[in-house]
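Read through the structure below, which is laid out as structure tokens, and then see the notes.
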Number of protein chains: 2
Amino acid sequence: MYRSHDCGQLRISDVNKNVTLSGWVQRVRNLGGMTFVDLRDRYGITQLVFNMETNSELCEKARKLGREFVIQAIGTVTERTSKNKDLPTGDIEITVSQLNILNKSEIPPFTIEDNTDGGEDLLMKYRYLDIRRRPIISGLLMRHKMSLEVRKYLDAQGFMEVETPMLINSSPEGARDYVVPSRLHHGEFYALPQSPQQYKQLLMVAGVDKYYQLVKCFRDEDLRADRQPEFTQIDCEMSFVEQEDILQIFEGLAKHLFKEVKGIDMNYQFPRMVWQDAMEQYGSDKPDIRFGMKIHDVSAETKGHGFKVFDDAEYVCAIAVEGCANYSRKQTDELTEWVKRPQVGAKGLVFIKYNEDGTVKSSVDKFYTPEQLTEIAKKAGAGTGDLVLILCGKKMPILNAMGTLRIEMGNRLGLRDKNIFAPLWVIDFPLFEWDDETQRFYAMHHPFTSPKKEDIALLDTDPGKVRANAYDLVINGTEVGGGSIRIHDSQLQVKMFNLLGFTQERAQSNFGCLINAFKYGAPPHGGLAFGLDRWVAIMYGCDSIKDVIAFPKNNAARDVMMGAPSLISPEQLEELSLEITPEK
Amino acid sequence: MYRSHDCGQLRISDVNKNVTLSGWVQRVRNLGGMTFVDLRDRYGITQLVFNMETNSELCEKARKLGREFVIQAIGTVTERTSKNKDLPTGDIEITVSQLNILNKSEIPPFTIEDNTDGGEDLLMKYRYLDIRRRPIISGLLMRHKMSLEVRKYLDAQGFMEVETPMLINSSPEGARDYVVPSRLHHGEFYALPQSPQQYKQLLMVAGVDKYYQLVKCFRDEDLRADRQPEFTQIDCEMSFVEQEDILQIFEGLAKHLFKEVKGIDMNYQFPRMVWQDAMEQYGSDKPDIRFGMKIHDVSAETKGHGFKVFDDAEYVCAIAVEGCANYSRKQTDELTEWVKRPQVGAKGLVFIKYNEDGTVKSSVDKFYTPEQLTEIAKKAGAGTGDLVLILCGKKMPILNAMGTLRIEMGNRLGLRDKNIFAPLWVIDFPLFEWDDETQRFYAMHHPFTSPKKEDIALLDTDPGKVRANAYDLVINGTEVGGGSIRIHDSQLQVKMFNLLGFTQERAQSNFGCLINAFKYGAPPHGGLAFGLDRWVAIMYGCDSIKDVIAFPKNNAARDVMMGAPSLISPEQLEELSLEITPEK
């Protein structure tokens, strides 16, 4: 038996017990005649004490312990003279009578402490040591807890978890697939799923009624920050439901998770916002509603006063930044540069300082009277002391830019507290997105998304106006998931494919199995999928999903710890009937 | 709202309630003035009733319903005059006042009944319809329940589920990997995991302490019956444990599952059998102990009597088949042919009929006296009325053949009841297997398996005799899982690699990350993995794991429903820098 207790377990009530602990040496401190060893495991830290006077041999042995040695200590639980209130075990220590070194350790490449001295590359390469650090293992523990609570909740609601295959077939729609060459079938490939979308809809045809799965999905993308080639989804689908049923069930899931994982009671209905309002008021389809600073259309107030930039613009909008009227020229200049960055994409920034004394000062004073500026400021929601920021341009792009600026100002003003959680349903997404380049509509979600009943007539007359039975759950400005009611009527499905420019052949080749399945009694159904990595990261309050993935890939899709991807043998290639073409 | 209740929910206590049900039309029966429709969903079947006299229009509509139409029925719960005791809802029916057809169905390619008329190919192609059948969806439900109970049990024991990556690097050890070409890294490949073995050991180095995961694994094998290219494992690992700790925890898991899933209390310690006994007494490392019919060594009793076949054989062994002394010549001839099949591999079969009257009759009467035959029969465990079957040859192959014959006789005699569950730990596996062909030792499990402490000295003198701290859980003659205590001492690990003929380079290239990790304080650890598909199949009492996989591949590793694998586009190939070589 390696241990009778773990390193987070012993309390004052255990004093005088004989115990055996095992773990890692966090630190050795020699204080004159006494030597203290902090023994660490997943559960906590317990102090071991060795006394030079009573057992010099053992104390000498303890003094030679290196950081991260794996040891076993047998001894008696003793009350500490100087207690450590920061540790759950801080009232006691172990007076050790026997010490066994189970394994030695070389000096680790970085310190295994909450705040380590290791850089990201080193931490990734030695991820198995990084995980020993409390901030990392705690995140993984929260992930475990969340996953289990998702399952418990959905099980209680009658959902069944069904595992769908990982080796599926490649679909040219959407993002790029990872593919897997088949050895048995010459020249053919499996693909790894980007999502189990078709399978989960088939499960509804199959009568599974309520399906969920925590499932790995894959996307071979050119890498953006904080994307992983493999990621985990909470994938769900239900039959005989309308949008409201789905929102209720999954709002319940979110509340369950906040309660069980964070101890937060959310005894209120999550706010709902139609997509159009989200775009116009927050410049985003995933508004962070922890703070106000709503966007206001100031086109009417700003146009027609001779300021050509505004007069020529399709749309002029503004936000009021509370208490920032006193921004210096340097600060407003810096903000102007900031909005011109390609990631924001505005051409420039106009500001109005609505001073505490009621006066106004702007960068466009020569075009507007103080009264006009005050009117604009008030329209933007400003009071005295506030700074009004104005952008103009084409409506959607400039709303997006303003949304980005709003988030930036929220960050700068400390309005985005990680310990506050503001969930929101965004609903009534447009069914289609128009693409200027290819001059056609694309499905905003996927081609099986159902239009709202009342908008079906618009499919023939004004498809761009058709709203979908689609919804996203947004928390703190991050989309944690979304979904839709699906089309189960084959006539409507054919119409959708037509609008999306699918020939019958292409529809068959990409979705043939599902289209065929729908002939045999498809129930009305709908569902959604949540990004588990992202949701855990939000709950845990960390910035990167990498922090809550045990073994993440780096931004070049490499596992630097294991060295994947890597070369394979010529024999493997030959068996797969593959040849690598020269690098371009 | 599509429904107020599901189709398995209503009881006699619900009579007079107004309800709304949705589901599939299982069957329409016209009985004179009445029409009955069986409405089916995942939860059950409810009878709808339509009366020509009271509502002829609605009744006509019901009569036109086709099989598998999706309908919604609104009506009143009524007590049936002739109750159906086979259905939980059999006391009631719904007197329908409103009928909505939600979706039509073409005539399905096979009947959606417990016993269908569809052949396997058709069922696979239309798996989404096959799943509608009770025997299939019930198996998937049991799988869901088992998975959840696994998680609940392990969570309660302090295990945390950690997701390990799917895109890892290829290892030339073991079976063939499925590989995934990397687009970003020219000529390099990921591999899909055959198991998360290295990752889970790294998690122990990382201090995760107790890990589990229900995880998809992949093996690109030439196909044997009832193997799937992707399969699910319950993968577990623990730190600071010895073999006994692991057996206790996972025997607990097995008992928990039998209790929760099957309602079976196993209030006893699972028997344990050392590998040597399993081989000698059952001719198998996975004995089915639902029945006796143990194998006995009858070498001493059979040799030296002039029967050259036995005299020249290394090993002669026998089983006693109860009550079969009356087998006809035709039956014994057929058995003789059966053991000669290549799958069994015996050269011939000798039998002794130990008749009810105490006389003996054998196929080798001219070499043995009746007394000698009786002695052999008794040594084989036979009583009067039993048939003794004797095989001879090289020890291990002939024990295997006898094990196969024993199982066959168990099947023929009905001794393998699917409703009886006989778990067994097989322990003390040999650490190495000798391979005659390559004249070297191979690791029976994997190169990290720890030898038994008391056998370590034998590593230098007689490696073939070294026993491993390895164990398998066997249920009803099927290995449902196994594992081992791992080596955490790097000196011992080096010795293992040497014995297995690994150069330092090869060890580094295949296991470099793990070997390196072990330098930084690896705790003593061990674990195991269960095959979920197989375990569910045993619990569910079905013969093939395909029955408990939602979307299985066929024996040629094809998803015939979706059509995977398939060709990919020339553009995809080009992006991956791949060319397909001509078929050989």
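Predicted, not measured: the structure shown is a model, and the values here were computed from it. Excluded from the calculations below are hydrogen atoms, water molecules and symmetry mates; all remaining heavy atoms, backbone and side chain alike, are included.
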Examine whether an atom of [X] lies under 4.5 Å from a heavy atom of chain A, and if so say whether it belongs to the side chain, the backbone or both; otherwise answer neither.
X	value
B:Val25	neither
B:Glu244	neither
B:Ile112	neither
B:Phe69	neither
B:Ser239	backbone
B:Tyr212	side chain

Got a second to check how far [X]'s [atom1] is from [Y]'s [atom2], nearest 0.5 Å?
X	Y	atom1	atom2	answer
A:Asp559	B:Ile168	CG	CD1	9.0 Å
A:Cys513	B:Lys125	SG	NZ	8.0 Å
A:Asp220	B:Leu184	CG	CG	6.0 Å
A:Leu214	B:Leu214	CG	CG	11.0 Å
B:Leu578	A:Leu573	CG	CG	8.0 Å
A:Arg558	B:Ser182	CZ	OG	7.0 Å

Looking at [Y], is its backbone amide N or carbonyl O close enough to the side chain of [X] to form a donor-acceptor pair, meaning the two atoms are under 3.5 Å apart?
X	Y	result
A:Ser170	B:Ile568	no
A:Asn103	B:Gly521	no
B:Asn169	A:Met562	yes
B:Glu163	A:Ala550	no
A:Arg42	B:Gly207	no
A:Glu579	B:Ile580	no
A:His185	B:Ala556	yes
A:Glu188	B:Leu567	no

### Whether B:Tyr128 and A:Tyr520 hold their rings parallel, tilted or perpendicular, with breakpoints at 30° and 60°
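Because their plane-to-plane angle lies in the 30° to 60° range, the rings of B:Tyr128 and A:Tyr520 count as tilted.
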
Presence of salt bridge, [Y] and [X], under 4.0 angstrom:
X	Y	result
A:Asp222	B:Arg183	yes
B:Arg143	A:Glu161	no
A:Lys519	B:Glu68	no
B:Arg3	A:Asp245	no

Considering non-hydrogen atoms only, spot the tightest contact between [X] and [Y] and give its length.
X	Y	answer
B:Met160	A:Leu141	SD-CD2, 3.6 Å
B:His186	A:Pro582	NE2-C, 3.6 Å
B:Pro181	A:Tyr178	O-CD2, 4.4 Å

Heavy-atom side-chain contact between [X] and [Y] under 4.5 Å:
X	Y	value
A:Glu230	B:Pro165	yes
B:Val205	A:Arg132	yes
A:Leu102	B:Pro523	no
A:Phe218	B:Val180	no
A:Leu192	B:Leu192	yes
B:Asp155	A:Lys145	no
B:Tyr126	A:Asn516	yes

#### Entry: Intermediate values then yes/no, salt bridge (Lys or Arg N to Asp or Glu O under 4.0 Å), B:Glu571 and A:Arg176
CA-CA 11 Å; B:Glu571 293 75 28; A:Arg176 217 181 266 108; over 6 Å; no

Counting only heavy atoms closer than 4.5 Å, note whether [X] contacts chain B via side chain, backbone, both or neither.
X	answer
A:Glu221	backbone
A:Glu575	side chain
A:Leu532	side chain
A:Tyr199	both

